[in-house]
There are 2 protein chains.
Amino acid sequence: MIKISKKSQYGLRAMVCLAKHYRKKEVCSTKLISEIEGIPFDFLEKIISQLERAKLVKGKKGVQGGYILSMPPKKISVNDVVSVLEENKKPVNCALCARIKKCSAKNVWSKLNDSLNKTLNSIKLSDLIK
Amino acid sequence: MIKISKKSQYGLRAMVCLAKHYRKKEVCSTKLISEIEGIPFDFLEKIISQLERAKLVKGKKGVQGGYILSMPPKKISVNDVVSVLEENKKPVNCALCARIKKCSAKNVWSKLNDSLNKTLNSIKLSDLIK
DNA sequence: GATAAGCCCGACAAGATTAGTCGGTTTTTT
DNA sequence: AAAAAACCGACTAATCTTGTCGGGCTTATC
């Protein structure tokens, strides 16, 4: 039914990692994150650059470069992160629901979606650093 | 991130269809359901037999046979249906979470899981027939 | 100003999963 | 007996996930 992709899992963990570095205002390199979190480097790079295009993180090029959150951890929710990484992916993409007003299950999926969003919006990166 | 499989979508719609027939105590054939709901017949057969093995529906063989809910629609939740069809599938199957007590994201996924279960448990088949 | 670290980008590929098909057997009503 | 329908397992096509790879661009440091 429901599966959180590795991409989202990795992405969130990377963001938490960046959140931890945020107070020092230091950038953190992809390499370091991948080592700390045990995430395949090449894959992580791809994930982070997606987060960058979405303006959730800022990159600094060159030696001693890396990434830093573009907002304080308090301002970034899990939903912000996950919805970027799972763009154009809705819980249900049902042709029938689109066509028929009264698909019996339609309400179910929209309620599900709401509760999902509510839950993920309520958790901020700041909640995840201890 | 999250996707409701066609299997679950079809399965739920089939169950709602059966719920509508339930008060007449009549069985309803796979063929009929597939026509009403526009679900590929062979695929539906597979789905329903999975629901049968889970004792959510009962089959009656032979001419004029078909399926009927094994409980009143009020007693069957969307979660009952979906969790059968998505057996052994958890939101997150994270090796890290299993190993490390304090994976930063662990809490997120378990909260997510709780809220999804709660939502899906609260909706019964009886709520979906109008 | 050369070098190396690191960001940035797109194409590719293996593996897993989903969605669906098919052929056949058994049971039961007519 | 014939037909309708449940029941079963093996197979396949397509899609999605999870990476990998090769290279180009930018910048701090020697």
Side-chain angles (χ1 to χ4, degrees), chain A residues 1-11 13-14 18 26-35 37-68 70 82 85-96, chain B residues 1-11 13-14 18 26-35 37-68 70 82 85-96:
Chain A
M1 151 179 69
I2 254 178
K3 208 189 130 210
I4 305 298
S5 64
K6 288 276 184 217
K7 195 176 171 188
S8 288
Q9 294 179 45
Y10 290 162
R13 269 160 54 204
L18 288 177
E26 280 170 357
V27 297
C28 183
S29 73
T30 305
K31 183 155 178 273
L32 185 56
I33 299 173
S34 88
E35 279 163 4
E37 294 289 333
I39 299 171
F41 176 79
D42 287 318
F43 195 22
L44 181 59
E45 226 177 18
K46 199 156 122 180
I47 293 168
I48 297 192
S49 66
Q50 204 173 341
L51 294 169
E52 205 225 356
R53 277 188 295 266
K55 314 273 184 204
L56 289 179
V57 302
K58 272 181 288 196
K60 183 175 170 245
K61 287 185 174 181
V63 176
Q64 300 288 13
Y67 289 98
I68 189 169
S70 43
V82 166
L85 298 176
E86 313 285 333
E87 56 179 352
N88 70 19
K89 206 172 308 168
K90 287 176 190 166
V92 169
N93 202 339
C94 169
L96 191 69
Chain B
M1 153 180 62
I2 254 178
K3 209 191 129 207
I4 305 297
S5 64
K6 289 275 184 218
K7 195 175 171 189
S8 288
Q9 294 178 47
Y10 291 162
R13 269 160 54 204
L18 288 177
E26 278 169 356
V27 297
C28 182
S29 72
T30 305
K31 184 154 177 273
L32 184 57
I33 299 174
S34 90
E35 279 163 5
E37 294 289 333
I39 298 170
F41 176 80
D42 287 317
F43 195 22
L44 181 58
E45 226 178 16
K46 200 156 121 177
I47 293 168
I48 297 192
S49 66
Q50 203 172 342
L51 293 168
E52 205 225 357
R53 279 188 293 267
K55 314 271 185 208
L56 289 178
V57 301
K58 272 181 288 199
K60 184 178 169 239
K61 286 186 176 185
V63 176
Q64 300 288 14
Y67 288 98
I68 189 169
S70 43
V82 167
L85 297 177
E86 314 284 334
E87 56 179 355
N88 71 18
K89 205 172 305 169
K90 289 178 187 164
V92 168
N93 202 337
C94 170
L96 192 69

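Labels below follow one simple rule: chain letters A, B, ... track the order of the sequence lines, proteins then strands, and each chain is numbered from 1.
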Student: What residues from residues 53-66 of chain B pass a heavy-atom cutoff of under 4.0 Å to DNA chain D?
Tutor: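 Within this stretch, Arg53(B), Gly59(B), Lys60(B), Lys61(B), Gly62(B), Val63(B), Gly65(B), Gly66(B) sit under 4.0 Å of the strand.
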
Student: Write down the atom of Leu44(B), the atom of Ala14(B), and the distance for their closest heavy-atom approach.
Tutor: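 Reported closest heavy-atom pair: CD1-CB, 3.9 Å.
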
Student: Taking side chain to side chain contact (heavy atoms under 4.5 Å, CB included) as the criterion, tell me which of Leu18(A), Ile39(A), Ile33(A) meets it with Arg13(A).
Tutor: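 Per the side chain to side chain contact (heavy atoms under 4.5 Å, CB included) rule, the option paired with Arg13(A) is Ile39(A), out of Leu18(A), Ile39(A), Ile33(A).
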
Student: Measuring from atom CD1 of Ile47(A) to atom OG of Ser5(A), what distance do you get when rounded to the nearest 0.5 angstrom?
Tutor: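 So the CD1 of Ile47(A) and the OG of Ser5(A) are separated by 8.0 Å.
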
Student: Starting at atom CD of Gln9(A), determine the distance to atom C1' of dG19(D), rounded to an integer number of angstrom.
Tutor: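 Atom CD in Gln9(A) sits about 15 Å away from atom C1' in dG19(D).
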
Student: Find the distance Glu37(B):CD to dG20(C):P and express it as a whole number of Å.
Tutor: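 Whole-Å distance recorded here is 14 Å.
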
Student: Roughly how far, to the nearest 0.5 Å, is CD of Glu45(B) from OG of Ser29(B)?
Tutor: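 The CD atom of Glu45(B) is 10.0 Å from OG of Ser29(B), to the nearest 0.5 Å.
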
Student: Specify the angle, to 10°, made by the local axes at the two ends of the helix from dG1(C)-dC30(D) to dT30(C)-dA1(D) when five pairs are taken at each end.
Tutor: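 For the helix from dG1(C)-dC30(D) to dT30(C)-dA1(D), the axes at opposite ends meet at about 10°.
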
Student: Going by the rule ring pair (Phe, Tyr, Trp, His ring centres under 6.0 Å), which residues pair with Phe41(B) if we only count those two or more places apart in sequence or in a different chain?
Tutor: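 Here no residue qualifies.
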
Student: Output the distance between atom CD (Gln9(A)) and atom CD (Glu37(A)), rounded to the nearest 0.5 Å.
Tutor: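 Gln9(A) CD to Glu37(A) CD: 11.5 Å, rounded to 0.5 Å.
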
Student: Would you say dT17(D) has OP1 or OP2 under 4.0 Å from some side-chain N or O of Ser5(A)?
Tutor: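 Answer is no, no contact under 4.0 Å.
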
Student: Out of curiosity, Ile48(B) CD1 to Cys28(B) SG, how far, rounded to the nearest 0.5 Å?
Tutor: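 Taking CD1 in Ile48(B) and SG in Cys28(B), the distance rounds to 8.0 Å.
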
Student: Any side-chain N or O of Tyr10(B) under 4.0 Å from OP1/OP2 of dG20(C)?
Tutor: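 Answer yes for this pair, as a side-chain N or O of Tyr10(B) is under 4.0 Å from OP1 or OP2.
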
Student: For Thr30(A) and for Lys7(B), find the nucleotide of DNA chain C with the closest heavy atom, then tell me which residue's nucleotide is more 5'.
Tutor: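 Between the two, 5'-proximity favours Thr30(A).
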
Student: Which donor-acceptor pairs under 3.5 Å do side chains of residues 50-58 of chain A form with protein atoms, sequence neighbours excluded?
Tutor:
residue  : atom : partner  : partner atom : Å
Gln50(A) : OE1  : Lys7(A)  : NZ           : 3.1
Gln50(A) : NE2  : Val84(A) : O            : 3.4

Student: For Tyr10(B), check ring pair (Phe, Tyr, Trp, His ring centres under 6.0 Å) against everything at least two apart and list the hits.
Tutor: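 Per chain and number, Tyr10(B) pairs via ring pair (Phe, Tyr, Trp, His ring centres under 6.0 Å) with Phe43(B).
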
Student: Can you sort out the partners of Glu35(B) under side chain to side chain contact (heavy atoms under 4.5 Å, CB included), two or more places apart, ordered by chain and number?
Tutor: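 Partners of Glu35(B) under the side chain to side chain contact (heavy atoms under 4.5 Å, CB included) test: Lys31(B), Leu32(B).
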
Student: Of the non-hydrogen atoms in Val82(A) and Ser8(A), which two are nearest, and what is the gap between them?
Tutor: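 Residues Val82(A) and Ser8(A), closest heavy atoms: CG1-OG, 4.0 Å.
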
Student: Within residues 42-52 of chain A, which residues have any heavy atom lying less than 4.0 Å from an atom of DNA chain D?
Tutor: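 DNA chain D contact set from residues 42-52 of chain A: Asp42(A), Phe43(A), Lys46(A).
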
Student: Nearest to the side chain of Tyr67(B) - dT18(D), dC7(C), dC7(D)?
Tutor: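 Looking only at side-chain atoms, Tyr67(B) lies closest to dC7(D).
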
Student: Taking CZ from Phe41(B) and C1' from dG23(C), how many angstroms apart are they, rounded to a whole number?
Tutor: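 Taking atom C1' of dG23(C) as the reference, CZ of Phe41(B) is at 13 Å.
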
Student: Taking NZ from Lys6(B) and C1' from dT17(C), how many angstroms apart are they, rounded to a whole number?
Tutor: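 Going from Lys6(B) (NZ) to dT17(C) (C1'), I get 15 Å.
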
